[in-house]
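All remarks here apply to the structure that follows.
Just the heavy atoms: all of them, side chains too, but no hydrogens, waters or symmetry mates, feed the values below.
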Amino acid sequence: MATRKRIRLFTGILLLLCGLFFYGYFQYQRTNQDLKLATPDQTLTAFTLIHEFAGDDTLADKKYRKRVLAVRGIVKSVDTTNNGVSVILGDSLQRASIRFSMEGPWNEISDIQEGMIVSIKGILNGYSKDQTGLLGDEIVFNRGY
């Protein structure tokens, strides 16, 4: 009787360890979604997105965070100072902006220049509210394409 309990316990532990191993293996092998081919969950203008966050940032964050969005707007600047490339969308009349950390080789992004109207897909990562009133609010996207 005690031997059966030991066998069941050993089998249960072995099955649990196998399940954990396969879960870990598949999580390790998982890749990110290719945004070049992805269909965006929503398409918005930069103006609309900025005003939604300015109105109620908590509601807008719940609505858009971790989703693939296509945002169309005017290029405020292209920042190449960090280890990557960031494209900032916005209006010269507003301090608020949308920052896309771009994915992909620089030669595909190098055609983007200040003042152009572009549409960029990315995953919304967060919102940074300006506490000082000097810099402007910033909506941050990762993996822009």
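Side-chain heavy atoms closer than 4.5 Å link hydrophobic residues (I, L, V, M, F, W, Y) into clusters, and following such links, even through other members, never connects Ile88 to Val140. Leu9 and Leu17 end up in the same hydrophobic cluster when Ile, Leu, Val, Met, Phe, Trp and Tyr side chains are linked at under 4.5 Å. Cluster annotation: Phe53 is connected to Leu44 through the hydrophobic network of ILVMFWY side chains, with a link wherever side-chain heavy atoms come within less than 4.5 Å. Clustering ILVMFWY residues whenever any of their side-chain heavy atoms sit less than 4.5 angstrom apart, transitively, puts Ile117 in a cluster other than the one holding Met102. Val78 and Ile74 fall into different hydrophobic clusters, where Ile, Leu, Val, Met, Phe, Trp and Tyr are joined by side-chain heavy atoms under 4.5 Å apart, directly or via other members.
From Phe21, atom CZ reaches atom CZ of Phe26 across 9.0 Å, with rounding to the nearest 0.5 Å. Here NZ of Lys63 is found 4.0 Å from CD of Glu52. Values are rounded to the nearest 0.5 Å. Interatomic distance, CD of Glu138 versus OG of Ser97, reported as 4.5 Å (0.5 Å rounding). Rounding to the nearest 0.5 Å places CG of Leu69 at 10.5 Å from OG of Ser119.
A side-chain donor-acceptor contact under 3.5 Å links Arg65 to the backbone of Asn125. Between the Asp41 side chain and the Val68 main chain, a donor and an acceptor come within less than 3.5 Å of each other.
Here the shortest heavy-atom pairing between Gln113 and Val75 reads O-CB, 3.5 Å. Across every non-hydrogen atom of Ile50 and Ala96, the tightest pair is CG2-CB, 3.6 Å. The two residues Phe141 and Leu124 make their nearest non-hydrogen contact at CD2-N, 3.5 Å. The shortest heavy-atom contact between Ala46 and Leu89 is CB-CB, 4.5 Å.
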**Request:** Under the side chain to side chain contact (heavy atoms under 4.5 Å, CB included) rule, what do Thr43 and Arg72 come out as? Steps first, then yes or no, please.
**Result:** CA-CA 8 Å; Thr43 302; Arg72 184 173 173 81; 5.7 Å; no
**Asked** Do Tyr64 and Ile139 pass the side chain to side chain contact (heavy atoms under 4.5 Å, CB included) test, and can you show the C-alpha distance, the side-chain angles, and the key distance before you say yes or no?
**Response** CA-CA 11 Å; Tyr64 297 121; Ile139 302 167; over 6 Å; no
**Request:** Using the side chain to side chain contact (heavy atoms under 4.5 Å, CB included) rule, take Phe100 and Val71 through it: C-alpha gap first, then chi angles, then the decisive distance, then the call.
**Result:** CA-CA 10 Å; Phe100 284 89; Val71 180; 3.8 Å; yes
**Asked** Hey, mind stepping through Arg6 and Phe10 against side chain to side chain contact (heavy atoms under 4.5 Å, CB included) and telling me if it holds?
**Response** CA-CA 6 Å; Arg6 286 184 185 165; Phe10 179 73; over 6 Å; no
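Partner of Tyr127 under the side-chain hydrogen bond (donor to acceptor under 3.5 Å, both in side chains) criterion, out of Asp61, Thr58, Asp57, Asp137: Asp137 alone.
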